[in-house]
Protein chains: 2
Amino acid sequence: MSINYAILGLLSYKSMSGYDLKKIIQDSEFMPWSGNNNQIYKALTELHRQGLVTNEVLFQESSPTKKIYTITKEGLAALKEWILSPVENSEIKKPFLVHLAFAGQLDRNELNDLIDRYERQVEIQLLMSQNYKQNTDFLSGSTELEKTVWSFIKANIRRTYEMELNWIKDLRNAVANIQKY
Amino acid sequence: MSINYAILGLLSYKSMSGYDLKKIIQDSEFMPWSGNNNQIYKALTELHRQGLVTNEVLFQESSPTKKIYTITKEGLAALKEWILSPVENSEIKKPFLVHLAFAGQLDRNELNDLIDRYERQVEIQLLMSQNYKQNTDFLSGSTELEKTVWSFIKANIRRTYEMELNWIKDLRNAVANIQKY
DNA sequence: TGTCTCATGTAAGGGGTTACATGATTCC
DNA sequence: GGAATCATGTAACCCCTTACATGAGACA
């Protein structure tokens with residue numbers, strides 16, 4: 001899954017600059033790219049070379065010149081083809097599970113502390129994902145279908161954190177009920 | 001989070017060769033490394049250089065010579081320090097969510113098909129994670145604490161897939177109830 | 001005065017991936 | 001005869017990350 005298709009997808013909603021794309025991708029929780037300059041500007045150069053986007057240079061007073069990118073009909077076709085192509089498997093990295101796997105090295109207090117710290121970490125992530133007022137309202141605003149899928153994307157993230165919090169509580173109880181250490 | 005600590009952790013359970021470590025890491029669902037040769041053998045060379053492991057060369061008839069790695073007391077100290085160090089945030093990459101974000105490009109049938117295919121994909125992943133008889137029984141076998149944490153690691157993965165399947169069902173219902181496309 | 005935002009781009013380095021290399025034994 | 005397992009290692013490549021570079025205006 002290349003960032004190029006995510007960029008095409010965002011441009012299918014609205015024409016915008018590399019800088020705008022960068023902010024959206026960086027702030028998004030479900031797009032798995034950091035959105036650093038190198039990625040964005042290299043991707044846009046490549047998409048332009050392939051004729052999937054065009055750009056219009058916009059001179060501004062009191063701000064740097066920017067390039068507004070617009071998706072072409074070839075770009076829309078490539079986007080649709082990609083959306084329907086096989087979906088890569090999810091990748092889930094939870095460093096906590098690796099720490100936990102070797103909890104045999106810890107005493108009771110140290111393990112409880114590790115679990116407590118992880119719980120607070122996940123609570124913070126859940127709060128941030130809920131409080132986050134996206135500057136991407138235009139992305140979820142147009143049709144009823146689009147509103148639905150974007151709300152479900154948010155719900156997917158929220159449920160992931162909620163599941164994790166429930167699991168942590170069960171883990172803590174199970175650990176507390178162990179007699180011998 | 002470096003693979004080096006995962007290797008130290010595995011060696012804290014049992015001394016073994018790079019080849020053994022490779023198989024365990026490749027087969028494990030929660031250790032986020034592919035476990036290719038380059039990673040494993042480079043990590044072992046580095047751990048050896050740092051004095052965190054020692055190795056013993058073992059000549060065999062009818063099999064290649066192998067090196068059995070054993071964790072040192074410095075290695076155990078480094079491992080424990082790492083387990084108690086701050087846990088990195090989880091990273092969750094779900095390419096399906098990116099496809100879904102641009103579902104506005106699809107008609108009803110195409111979207112339903114996309115959802116159905118993802119559901120089957122997750123069902124298969126859930127089945128594989130359940131049916132998987134680990135050759136790492138020795139890892140979960142020693143103390144009650146270790147048995148508990150390893151069963152919770154498995155449960156975490158299982159619950160992740162179950163949550164996803166529930167979410168897919170809700171998504172399908174919500175999409176079906178949309179009148180206008 | 002220093003930091004933030006806007007705006008685009010480059011350079012260096014680190015980590016990961018696949019593929020190559022060897023060679024005996026076992027299984028189909 | 002061909003593939004898989006055991007076993008260790010190297011080489012080339014790609015992607016991603018951080019940091020550098022420029023420069024004006026706004027805000028504290």
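These figures come from a predicted structure and were not determined experimentally. By convention in this document, chain letters (A, B, ...) are assigned in the order of the sequence lines, proteins followed by strands, and residues within each chain are numbered from 1. Just so it is clear, the values below take in all heavy atoms, side chains as well, and ignore hydrogens, waters and symmetry mates.
Within the structure, every pair that satisfies the salt bridge (Lys or Arg N to Asp or Glu O under 4.0 Å) test and touches residues 89-98 of chain B, not counting sequence neighbours, is listed here: B:Lys94-B:Glu164. Screening residues 68-91 of chain B for ring pair (Phe, Tyr, Trp, His ring centres under 6.0 Å), with sequence neighbours left out, gives A:His99-B:Trp82, B:Tyr5-B:Trp82.
Annotation: side-chain contact (heavy atoms from CB on, under 4.5 Å) contacts of B:Asp116 (sequence neighbours excluded): B:Arg120, B:Arg172. Not counting sequence neighbours, B:Tyr41 has no partner by the ring pair (Phe, Tyr, Trp, His ring centres under 6.0 Å) test. Under the side-chain contact (heavy atoms from CB on, under 4.5 Å) criterion, A:Ile124 pairs with A:Met128, not counting sequence neighbours. Scanning for ring pair (Phe, Tyr, Trp, His ring centres under 6.0 Å) contacts around B:Tyr161 gives an empty result, with sequence neighbours left out. Residues that satisfy the side-chain contact (heavy atoms from CB on, under 4.5 Å) test with B:Asp113, not counting sequence neighbours, are B:Arg117.
B:Ser34 has a side-chain polar atom (N or O) that falls below the 4.0 Å cut-off from OP1 or OP2 of C:dT17. Contact annotation: B:Gln39 side-chain N/O to C:dT17 OP1/OP2 distance is under 4.0 Å.
For the pair A:Lys42 NZ and D:dT17 P, the interatomic distance rounds to 11 Å; values are reported in whole Å. The distance between atom CG of A:Asn4 and atom P of D:dC14, rounded to the nearest whole Å, is 15 Å. Regarding B:Ile40, its CD1 atom lies at a distance of 15 Å from the P atom of D:dT10, rounded to whole Å. A:Trp33 has its CH2 atom 17 Å from the P atom of D:dT18, to the nearest Å. Rounded to an integer number of Å, the gap from B:Leu44 CG to D:dT10 C1' is 15 Å. The distance from atom CD of B:Glu91 to atom P of C:dG15 is 15 Å, rounded to the nearest whole Å. Note: CG (B:Asp27) to C1' (D:dT5) measures 13 Å, nearest angstrom. Rounded to a whole Å, the NZ atom of A:Lys93 is 11 Å from the C1' atom of D:dC16.
Surrounding CD of A:Glu81 are at most 12 heavy atoms belonging to other residues, nucleotides or ligands under 6.0 Å away.
Using modelled atom types, one finds a donor on one side chain and an acceptor on the other under 3.5 Å when comparing A:Gln121 with B:Asn89.
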> Going 5' to 3' along nucleotides 3-9 of chain C, which nucleotides have protein heavy atoms under 4.0 Å from the base (write B), which only from the sugar-phosphate (write S), and which from neither (write -)?
Replying inline: --SBBBB
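For the helix from C:dT1-D:dA28 to C:dC28-D:dG1, the angle separating the two terminal helix axes comes to 30°, with each axis derived from five pairs and the value rounded to 10°.
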